[in-house]
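Side-chain atoms are counted along with the backbone in the values below, which use heavy atoms only and exclude waters and symmetry mates. Chain letters run A, B, ... following the sequence lines, proteins first and then strands; every chain starts at 1.
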Amino acid sequence: MPPDAHLPQLREALLAWFAAHQRPLPWRINYTPYEVWISEVMLQQTQMERGVSYFTRWMARFPDVAALAAASEEEVLRLWEGLGYYSRARHVLAAARLIMEKHKGVFPSGLEDIRALPGVGPYTAGAVASIAFGEKLPCVDANVERVVARVFDLDGPVKQEPAASAVRAWALRLVPEGRAREHNQAMMELGALVCGKKPRCALCPLAAFCVSLHLGIVDQRPVPGKRAAITPIEVVTGVLRHTGRVFVQKRLASGVWGNLWEFPGGRVEPGESPEQAVAREFGEETGFDVAVDRSYGIIRHGYTTYRITLHCFALSLAATTAAATAAEPPAPPILTAASAWRWVTPVELENLAMPAAHRKLADQIFGPGGQSRLPGA
DNA sequence: CACTCGTGGGC
DNA sequence: TGCCCAAGAGT
């Protein structure tokens, strides 16, 4: 059964399935370019369910490009906190300001103009152009790669050539005239709900057209690519408290968690205890001479290719420090790994964007609303 | 092309 | 539990 001759039937089966089974989602109501754009960026490498609450909060606060462009990066990052890949948030803000300046506040409709926005790559440009503006273009994400690799039985890793080009070619051929919006969402929805990691072929509207299913090798498609090795690392962080306030610093713009606020810390060196490491790292990053008062325990988390064990400690200014017993702020820190610093109250901490592990620690110490749950405040 | 850049769900 | 991985982009 050559799939080429059955493309019209395949398209119709897919569209019918989508009409019956699509999930009701907040960005499937108005289809404004702004909403499509924000939803697509939020959903990059993110599970759909998680994106819904973020999207709803975002639209309540930033209902249009102008509102976003006028916002501070601090607030944008705070709303993005927990979604990860924070350069997406910084790019979205930069793009909104670019739209205000170069496009007079009107979201650009041309593919090239959309693609030129910061943080908009091949996928997102095609998604906005087709879903918001109806352009006859495919959206090739991981879902589409998986669906195409199975239906057309591609036998190479879909992230690499030549399979990557084959996926794009098939994806383009599949797009029906005048219905790119529904079709592209249907392909991704099918990949999410039916043609997932564990395919549910009995429920699939494309089963009759699926080559790898007929060959009995669906479980061998798509062909997986190389995986990066996971590196375990031991890390420490310290919560330095003084007269009811907590010390935080703002990470540099480049690198992981760029421009987010954190408790200082760093890696445990070989032969070093976590207690020794936190005092050393805190001193290196701030110039403060600190004493380790107690442990807050361990938080495990991972990012990209790292698996982190985070040892958390309560710190105070060392007795040798003049300000240790004084009821006034100590001398300013000498920052070596951050662009800014603050002594904040637990309530103020709520308004700062922090990495997930540090937010988890803050909530553990001060409570989700900033009320102290542990002695020593 | 290969690497960086987060996070939490699911199995 | 440990590991895979999800509506990718930038360098």
By side chain to side chain donor-acceptor pair (under 3.5 Å) - contacts of [X] (at least two apart):
| X | value |
| --- | --- |
| W341(A) | none |
| E234(A) | H311(A) |
| R146(A) | N143(A) |
| D155(A) | none |

Problem set entry | Residue pairs involving residues 256-273 of chain A (criterion salt bridge (charged side-chain N to carboxylate O under 4.0 Å, His left out); sequence neighbours excluded) |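 Those involving residues 256-273 of chain A are R251(A)-E262(A), E272(A)-R280(A).
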Exercise. Which pairs count as salt bridge (charged side-chain N to carboxylate O under 4.0 Å, His left out) when at least one residue sits in residues 299-309 of chain A, sequence neighbours excluded?
Worked result: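 Residue pairs passing salt bridge (charged side-chain N to carboxylate O under 4.0 Å, His left out), neighbours aside: none found.
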Exercise. For I334(A), does the CD1 atom sit with more than 12 other heavy atoms under 6.0 Å from it, leaving out its own atoms?
Worked result: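 Counting other residues, nucleotides and ligands, CD1 of I334(A) stays at 12 neighbours or fewer.
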Exercise. Chain A on DNA chain B: first and last contacting nucleotide, 5' to 3', under 4.0 Å to a heavy atom?
Worked result: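 First-to-last contact on DNA chain B, by the 4.0 Å heavy-atom rule, is dC1(B) to dG9(B).
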Can you tell me the distance, in whole Å, between the [atom1] atom of [X] and the [atom2] atom of [N]?
| X | N | atom1 | atom2 | answer |
| --- | --- | --- | --- | --- |
| I230(A) | dG2(C) | CD1 | P | 13 Å |
| D219(A) | dC4(C) | CG | P | 18 Å |
| R307(A) | dT1(C) | CZ | P | 12 Å |
| R168(A) | dG8(C) | CZ | P | 15 Å |
| I114(A) | dA9(C) | CD1 | P | 13 Å |

Problem set entry | Within residues 250-260 of chain A: residues closer than 4.0 Å to DNA chain B (heavy atoms) |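 Per residue number, the list reads G255(A), V256(A), W257(A).
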Exercise. By a strict heavy-atom criterion of less than 4.0 Å, which residues belonging to residues 75-92 of chain A are in contact with DNA chain B?
Worked result: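 Contacting residues: G82(A), L83(A), G84(A), Y85(A), Y86(A).
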Exercise. Of all of residues 16-41 of chain A, which get a heavy atom below 4.0 angstrom from DNA chain C, listed by number?
Worked result: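 Those residues whose heavy atoms fall under 4.0 Å from DNA chain C, taken from residues 16-41 of chain A in numerical order, are W27(A), R28(A), E40(A).
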For this session: Look at the rings of F247(A) and F288(A) and say which category their plane angle falls in: under 30° parallel, 30 to 60° tilted, over 60° perpendicular.
Result: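 The arrangement is perpendicular - the two ring planes meet at more than 60°.
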Exercise. Can a cation-pi geometry be assigned to R57(A) and Y54(A), taking NZ or CZ under 6.0 Å from the six-membered ring centre and within 45° of the ring axis?
Worked result: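 Yes, R57(A) sits over the ring of Y54(A).
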Problem set entry | C312(A) and I299(A), any side-chain heavy atoms less than 4.5 Å apart |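 Yes - at least one pair of side-chain heavy atoms lies under 4.5 Å apart.
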Problem set entry | CA sep, side-chain torsions, deciding dist, call: T32(A), E35(A), side-chain hydrogen bond (donor to acceptor under 3.5 Å, both in side chains) | CA-CA 5 Å; T32(A) 66; E35(A) 289 177 296; 3.0 Å; yes
Exercise. How close do A127(A) and V36(A) get, heavy atom to heavy atom, and via which atoms?
Worked result: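 Closest approach of A127(A) to V36(A): O-CG1, 4.2 Å.
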For this session: Please write out which residues are connected to L213(A) in a hydrophobic cluster, directly or through intermediates, given that two of Ile, Leu, Val, Met, Phe, Trp, Tyr count as joined at side-chain heavy-atom separations below 4.5 angstrom.
Result: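 L213(A) shares its hydrophobic cluster with V218(A).
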For this session: Using the P atoms only, state how far dC3(C) lies from dG6(B), rounded to an integer number of Å.
Result: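 Looking at atom P only, dG6(B) and dC3(C) are 22 Å apart.
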Base, sugar-phosphate or nothing for [X]? Non-hydrogen atoms, less than 4.0 Å.
| X | answer |
| --- | --- |
| A142(A) | sugar-phosphate |
| R146(A) | sugar-phosphate |
| Q185(A) | nothing |

For this session: Between G191(A) and V120(A), just flag the one whose closest nucleotide in DNA chain C comes earlier from the 5' side.
Result: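 On the 5' side of the pair lies G191(A).
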Problem set entry | Non-neighbouring partners of F263(A) that pass ring-ring contact (aromatic ring centres under 6.0 Å, His included), sequence neighbours left out |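 Testing F263(A) for ring-ring contact (aromatic ring centres under 6.0 Å, His included), a comparison that skips the adjacent residues, returns H358(A).
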Problem set entry | 5' priority, DNA chain B, between Q47(A) and K226(A) [closest heavy atom] |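 Residue closer to the 5' terminus by nearest nucleotide: K226(A).
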For this session: Starting from the 5' end of DNA chain B, give me the residue, T305(A) or K197(A), whose nearest nucleotide shows up first.
Result: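 On the 5' side of the pair lies T305(A).
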